Number of protein chains: 2
Amino acid sequence: MLSGLQRIVGPAGLLTEPEDTAAYALEHRGNYPGKALAVVRPASVEEVSQVVRACAQRGARLIPQGGNTGLVGGSTPDDSGLEIVLSLGRMNRIRDINPQDNTMTVEAGCILQNIQEAAAAQNRMFPLTLGSEGTATIGGNLSTNAGGDQVIRYGNTREQALGLEVVLADGRIWHGLSSLRKDNTGYDLKHLFIGGEGTLGVITAATLKLYPVARQQATAWIAIRSPADAVSLLSFLRENLGDRVTAFEIMARETVNLVLMHFPAMREPLPEAAPWVILAEVSETSVRVPLQEEFETVLAEAMERDLVLDVALAASEQQSKAMWDIRSHIPEAQRKDGPSIKHDISVPISRIAEFVEVAVPAMNAIVPDIRCITFGHVGDGNLHFNQSKPASISKADFLDRADAIHEVVHEAAASVNGSISAEHGIGRQKQDILIRYKDPVAISLMVSIKQALDPSNLLNPGRLLPATDTLSSQG
Amino acid sequence: MLSGLQRIVGPAGLLTEPEDTAAYALEHRGNYPGKALAVVRPASVEEVSQVVRACAQRGARLIPQGGNTGLVGGSTPDDSGLEIVLSLGRMNRIRDINPQDNTMTVEAGCILQNIQEAAAAQNRMFPLTLGSEGTATIGGNLSTNAGGDQVIRYGNTREQALGLEVVLADGRIWHGLSSLRKDNTGYDLKHLFIGGEGTLGVITAATLKLYPVARQQATAWIAIRSPADAVSLLSFLRENLGDRVTAFEIMARETVNLVLMHFPAMREPLPEAAPWVILAEVSETSVRVPLQEEFETVLAEAMERDLVLDVALAASEQQSKAMWDIRSHIPEAQRKDGPSIKHDISVPISRIAEFVEVAVPAMNAIVPDIRCITFGHVGDGNLHFNQSKPASISKADFLDRADAIHEVVHEAAASVNGSISAEHGIGRQKQDILIRYKDPVAISLMVSIKQALDPSNLLNPGRLLPATDTLSSQG
């Protein structure tokens, strides 16, 4: 088996020694200790095809992996020692970039940040941005349909793909790369593999959309009363500024305070500690349109309408960065602060307020004085609704209540037609709750599709969809 | 069978008399003369479910139909008299409209224009616009992934759907309506049914995206030298105006002349007859940004760069309408002019010029003096590359060469990685060329999915995918 793989990828393409494979088997938060039979690192789509074919013939299970930055155990091997990691890291060429088509074609192992930079070098913009962009690869972004900071304006990773190249479970190559904006010739197959978490095929390359570069940006720190006002303010901004609104992040007072406590050098841009804060950014392609003045005028109108308590408009890039620093240091502040319990939910935008009103008291009922570190992307209805341990309870007691907390949060999200996984996917972490909350007809359709495309269940088996015996009981 | 259906939908919901069913069996250009066993018109998703289940039990074939404006024979019955039309026309409620979520939930039988108007009444915009919008239904738009005039900015119908409600081939209902902007809980099933031409399930409702209303627009008639300059100009406009560019239509001189000849009251906005013309529109949400001046400045820069020969900027809505009238009367001018041979191709934007340079001489080689009525959406690479009969040849001789013309056009499109069906779909018209030009692995995947979701081949059988025996020879 392994010698056959080595013949395909060469000695440099196959790792079998534990010290070489360990990094590929490790989920970076340490949640899914695993052990790989081997790590195979093909350098071309033909090699991927041969590897998959060879594994299919032997019934070997393959775990596709990009930058290994996933958060749900979807791209690392289990502890059986039988699974082979298929790392796409050596397929990292930018095959083509075409400013007239506003497209670029990249291999799955390209690091997201490199893609952003290659686009910028051609006076174009690739809009996907996220915390792990220096490590995450586009193949992983596509397979998990990553979200990130600019979804409000540009959509998720799914919306950025025009075409894909995919190796199927039997080793055949689907040559689906395309730079066409309109093509109605049958089922749009790429959408099965995007967000498919590597269970239906191995994405080896993609043609991506590029956009005009924003040549002006303006940033504001906006004090507001409530999540309901946040939603009204977003509506008002969009009615007046349209799609210039490229970020609209909400933070609860407790969230801002947590950052300021752990990073005492940071300063809040406004003197009064409002109950909720919005960090908003607007972008503009034209150099002539007076963006900053326009933003100021619209925010002044919002204040007159009593949607806004106070505003600090960044007067320089440095001030803008200082505002964003508070937002981007929330995860680190939580780490410094001690144990926390995290969620990745989304709800309809119009029901964000309702969700918060139900969920916060419910958290306090489970752990008195619990701190709800609420923040997220209002325009996507995507809340990072995290809980930090209060001083009044031991770490062990706090973590003992994690399941109860998860349950209440997921119930609260489901009760307003929300999702239990907005950005991170299902992997091995959320299969139970997927089965619990997803429409059973949808689950059944997913199983039918998996069986049609990977009948031997060799691609990322037991990820996303639970093992088959669990599913059959769903009828 | 029919009495069973009547019990489900009531007497008003079942048409069996030929004079009642004839309109549903008629493809409006008369290309696919058909005869329906019956037309069933359910009024709710439960009724659709029961109808599909009843037909599945008897092995009856169902042809889902919306506004019956399709152009490829995809939504009318064949002439066997055995197929039942499933008309969604009675499912025409707008179930919900939510300006804060920027969503509306509509039933499949809603007429597109009614959806646009309902959005406008809430100070929102639904961007799908097309010639047949007064008759076409959103269910048909979704099933064929309709394109239209604003794809350059907003994408195809596919991009407008957040969730679907679908009745599957066995009658089960998939409750996939959702207004979430981020939801990574498994395969994105809606994309199978969008553009699936009714072969995988019956779309009964959809949750659609809404957008801010454009409160300013500006229109320009732009004389240019060549398709290559059109592509460069579009790049230049986007770099400077960003996504304000909401239409960018190209017309060859012969196309403009054809309209002016048949509608002598129309006047071309510029005195010189340039070889190619662009009709461009820009839109702006803000009332304060000086859109017209900005557009004028950028076009003046383009002229300095020698991308543009001359420009007429519409100074009033009336002038703008006069410009658009020329564009929108092209199909009628072709009808008045006599026989024509039409195509619906797309090519990568950067290869439009190459396509035209190859295809026009090739047309003249088949029919000397043939008039190539070239026009289309540059931003989507979507050309309506139609041929009108020259005086030098008889109608019969001209139409005799239609197959040769189609062949050359499709070959030319394929040779630059284009598509043989940009907007209209496959239906019964383009199955042969689908098989010829589509990657065989893609065809094989499509067949697997069809078999997984509609194993008895009862939903729109023989549309999109050819009959199974044709396919098996593809291996």
Side-chain angles (χ1 to χ4, degrees), chain A residues 98-101 123 144-145 147 151 156 172 174-176 179-189 191-192 195-196 212 231 235 238-243 285-286 288-289 294 346 348-350 380-382 419-426 434 438-439 441-442 445-446 448-449 452-453 464, chain B residues 98-101 123 144-145 147 151 156 172 174-176 179-189 191-192 195-196 212 231 235 238-243 285-286 288-289 294 346 348-350 380-382 419-426 434 438-439 441-442 445-446 448-449 452-453 464:
Chain A
N98 188 319
Q100 285 195 321
D101 284 340
N123 193 25
T144 59
N145 185 29
V151 174
N156 298 284
R172 286 181 301 166
W174 170 46
H175 294 284
S179 61
L180 298 176
R181 304 278 167 164
K182 277 187 183 170
D183 180 18
N184 275 329
T185 53
Y187 312 145
D188 198 336
L189 300 166
H191 289 297
L192 286 174
V231 172
S235 267
R238 278 180 162 161
E239 283 166 15
N240 286 280
L241 296 166
D243 279 330
T285 317
S286 167
R288 278 173 299 266
V289 168
E294 180 69 11
S346 66
I349 298 166
S350 62
D380 322 326
N382 183 194
S419 167
I420 50 93
S421 182
E423 296 193 298
H424 300 164
I426 302 299
L434 177 75
K438 192 96 175 173
D439 177 12
V441 175
L445 278 170
M446 285 162 57
S448 298
I449 290 163
L453 267 62
L464 206 172
Chain B
N98 188 320
Q100 285 195 322
D101 285 339
N123 194 25
T144 59
N145 185 29
V151 175
N156 298 285
R172 285 180 302 165
W174 171 45
H175 294 284
S179 61
L180 298 176
R181 304 279 167 163
K182 277 187 183 170
D183 181 19
N184 275 329
T185 52
Y187 313 147
D188 198 336
L189 301 167
H191 289 297
L192 286 173
V231 172
S235 268
R238 278 181 162 161
E239 283 166 15
N240 286 280
L241 296 166
D243 279 330
T285 317
S286 167
R288 279 172 298 266
V289 168
E294 180 69 11
S346 66
I349 298 166
S350 62
D380 322 326
N382 182 196
S419 167
I420 49 94
S421 183
E423 296 194 297
H424 300 164
I426 302 300
L434 176 76
K438 191 94 176 175
D439 177 12
V441 175
L445 279 171
M446 285 162 57
S448 299
I449 290 163
L453 269 61
L464 206 172

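Values below: all heavy atoms of this structure, side chains included; hydrogens, waters and symmetry mates excluded. In what follows, every chain begins at residue 1, and chains take the letters A, B, ... in the order their sequences are listed. All values reported here derive from a predicted model rather than from experimental measurement.
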Within the 4.5 Å heavy-atom criterion, are [X] and [Y] side-chain neighbours or not?
X: B:Asp243; Y: A:Asp243; value: no
X: A:Leu453; Y: B:Leu445; value: yes
X: A:Arg181; Y: B:Ser346; value: no
X: B:Glu239; Y: A:Asn123; value: yes
X: B:Leu180; Y: A:Asp380; value: no

Given a strict heavy-atom distance threshold of 4.5 Å, which part of [X] is in contact with chain B: side chain, backbone, both, or neither?
X: A:Leu434; result: side chain
X: A:Asn98; result: side chain
X: A:Asn240; result: both
X: A:Asp439; result: side chain
X: A:Leu241; result: backbone

For the interface with chain A, which of [options] has the highest count of heavy-atom pairs at distances below 4.5 Å?
options: B:Arg238, B:His191, B:His175, B:His424; answer: B:His191
options: B:Gly381, B:Ser235, B:Gly195, B:Ser448; answer: B:Ser235
options: B:Ala452, B:Gly186, B:Ser179, B:Ser421; answer: B:Ser421

### Query
So, A:Asn184 side chain and B:Glu423 main chain: donor-acceptor pair closer than 3.5 Å or not?
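Present.
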Report which part of [X] has an atom under 4.5 Å of a heavy atom belonging to chain A: side chain, backbone, both, or neither.
X: B:Val231; answer: both
X: B:Leu464; answer: side chain
X: B:Asn156; answer: side chain
X: B:Asp183; answer: both

### Message
Checking A:Asn382 now: which residues fulfil side-chain hydrogen bond (donor to acceptor under 3.5 Å, both in side chains) with it, not counting sequence neighbours?
### Response
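In terms of side-chain hydrogen bond (donor to acceptor under 3.5 Å, both in side chains), with neighbours along the sequence ignored, A:Asn382 is linked to B:Lys182.
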#### Entry: side chain to side chain contact (heavy atoms under 4.5 Å, CB included) assessment of B:Leu189 paired with A:Ile449
CA-CA 10 Å; B:Leu189 301 167; A:Ile449 290 163; 3.7 Å; yes
